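None of the values given here were measured: they were computed from a predicted structure. For the single chain, residues carry numbers from 1 onward in sequence order. Atoms within a ligand are numbered from 1 in the order they appear, just like the ligands themselves.
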Amino acid sequence: MASYDLVVIGTGPGGYVCAIRAAQLGMKVAVVEKNATLGGTCLNVGCMPSKALLHASEMFEEAAHSFAKMGVSVSAPKLDLPAMMTFKQQGIDGNVKGVEFLMKKNKIDVLKGTGKILGAGKVEVSGGGKTEIVETRNIVIATGSDIARLKGIDIDEKRIVSSTGALSLEKVPSSLLIVGAGVIGLELGSVWHRLGAKVTVVEFLDRILPGMDGEVAKQFQRLLEKQGFTFKLGAKVTSVDTSGKTLVAKVEPAAGGAAESIEADVVLVCIGRVPYTEGLGLKEAGVAVDNRGRVEIDSHFSTNVKGIYAIGDVVAGPMLAHKAEDEGVACAEIIAGQAGHVNYDVIPGVVYTTPEVSSVGKTEEDLKQAGVAYTVGKFPFTANGRSKVNQTTDGFVKVLADAKTDRVLGVHIVGREAGEMIHEACVLMEFGGSAEDLARTCHAHPTRSEAIKEAALAVGKRAIHM
Ligand code: FAD
Ligand code: NAI
């Protein structure tokens, strides 16, 4: 029987990163993966394919609508959707092969099959008609998450799709109805809208992007509406009639009232994700889960069973790849006897649309609710020189600082490249920096990042270019 220091179940960004860090620390490690390829949701049907399609569709949109005004004259671009899907697949393959390489480089055994925990120290791996049992000192559960479903609406991944189907549609739907104005709805809605679909988004709450700063979400919604999105907020889809050539969705006000019918070629259901623990043997192994099915862990990623840990989407917290990765590193370090740690106050979130939305730390709503006195510094991209010359002036930067200490508590950005720009705020916040620190840091000119410096100056009411 093979024997390891650590067996990680699942090779998403949580699992494979945890395995690499453990190998670096001298452990003998194996990963178990039931999918044909490594990399989990993120690399196969999540972050990476969606970003490939977002990039390609943005180029299509730019070629059609932005080149001419810069004096670049091209004939109207034609969409070759199969080629765009090949571009996406090449990106997936490249990344997945990269993880395989990293497993080999770090001498990590890859056990192909479904992992089942038989108790502390024992994992059964079954797949391809074979079953083997491996012994291990430690187990990390990194089995990720699955799509949340809507009662009575069956996802066939052709006409009624989850994110997985929406990443592989065979043709551009003339109309796309999206249930849920969260990250997936707005990113994949952007892809298909740019390629020609009429997009309607039905959202249960009275706002989009719950959890993000309210002012940012409002401005972002206006920008998406300007692009052509239609939003139906405070509404829910209760059924979808699939009998005709076109789907007919019944949409009701969330608070109750008269229903309306909306026709669509494709319906995308993206109302969140749920932890994935099917077939893992948690009950038999005595591993506790909470009332939402998430594996319960303490501050050291340990479950209630000694030697069994859990990280990533399968535990509480934001379902983000970088959160899973950081937990993977910290968990491996803790298993090795070191002081692994994740700072949950500084986990950035990015929506990779045009413009992008990025956020780190507390929102204004969080601070109001916690009764924290804060000051706000804002700076619009309309006043940023680089944005002006590029004619990409949508959005603004908002810095929230503690009114007494000036410590930066949150930074929120709507604007081009907001996802790249947020990290200077992350570093500042990791070091407990103040708005004054940010304002006195020299920023290269002309960059969009100067808007962050100006927003920090605006906290002290002394922005220069506004
Ligand atoms: P996963 O990536 O879900 O990996 C879990 C792995 O475990 C899977 O490979 C699965 O096959 C395997 N597994 C499960 N059970 C077993 C078993 N019993 N035996 C063996 N193997 C098993 N996050 C971001 O930060 N940025 C983004 O841009 C982003 N975009 C996204 C876009 C989409 C469309 C979706 C759906 C998600 C996106 N996410 C994004 C979220 C991100 O994908 C997840 O947060 C991340 O993948 C979680 O990593 P994980 O390691 O916890 O689990
Ligand atoms: P989400 O939680 O971001 O959004 C779901 C939305 O659906 C919410 O606005 C919610 O109020 C709404 N909703 C729930 N039930 C509804 C109903 N019955 N009718 C109408 N609306 C309803 O979840 P989403 O978009 O499915 O994404 C899942 C996860 O994947 C998220 O946790 C996200 O963090 C992650 N992800 C991250 C990305 C990124 O970092 N760029 C990209 C895509 C996904």
Mode of P210 contact toward ligand 2 - side chain, backbone, both, neither (heavy atoms, under 4.0 Å): side chain

Under 4.0 Å, heavy-atom basis, I'd like to know which part of V202 is in contact with ligand 2: side chain, backbone, both or neither. backbone

Considering only the protein, which heavy-atom contact is closest to [atom], and what is its distance?
atom                    : result
atom 33 (C) of ligand 1 : G46 CA, 3.3 Å
atom 8 (C) of ligand 2  : E203 OE1, 3.5 Å
atom 41 (C) of ligand 1 : M319 O, 3.6 Å
atom 45 (O) of ligand 1 : D313 OD1, 2.9 Å
atom 7 (O) of ligand 1  : G10 CA, 3.2 Å
atom 18 (N) of ligand 2 : L150 CD2, 3.5 Å
atom 7 (O) of ligand 2  : G180 CA, 3.3 Å
atom 18 (N) of ligand 1 : G115 O, 3.1 Å
atom 4 (O) of ligand 2  : G182 CA, 3.2 Å
atom 3 (O) of ligand 1  : T41 OG1, 2.6 Å
atom 17 (C) of ligand 2 : I271 CG2, 3.9 Å
atom 21 (N) of ligand 1 : K34 N, 3.2 Å
atom 34 (O) of ligand 2 : M319 O, 3.2 Å
atom 24 (C) of ligand 1 : A321 N, 3.5 Å
atom 44 (C) of ligand 2 : I184 CG1, 3.3 Å

The one among A36, S50, C47 that brings a heavy atom closest to atom 39 (N) of ligand 1: C47

If you take the nearest heavy atom of each of G211, S163, S162, G272, which one is closest to atom 23 (O) of ligand 2? G272

Would Q219 and R222 count as a side-chain hydrogen bond (donor to acceptor under 3.5 Å, both in side chains) here? Give the steps. CA-CA 5 Å; Q219 154 107 237; R222 274 202 292 272; 5.3 Å; no

Out of curiosity, is A166 lining ligand 1, as in a heavy atom under 4.0 Å away? no

Audit row: E263, T246, side-chain hydrogen bond (donor to acceptor under 3.5 Å, both in side chains) steps and yes/no: CA-CA 6 Å; E263 293 192 3; T246 307; 4.6 Å; no

Tell me, do D313 and Y276 make a side-chain contact under 4.5 Å, heavy atoms counted? no

Distance under 4.0 Å to a non-hydrogen atom of L280: what atoms of ligand 1 satisfy this? 18 (N)

Output the list of atoms in ligand 1 that are nearer than 4.0 Å to some heavy atom of I9, sorted by atom number. 17 (C), 19 (N), 20 (C)

Can an N or O of [X] be found at a distance shorter than 3.5 Å from an N or O of ligand 1?
X    : result
Y276 : no
V45  : no
S163 : no

Out of K88, Q89, K158, which residue meets the side chain to side chain donor-acceptor pair (under 3.5 Å) rule with S168? K88

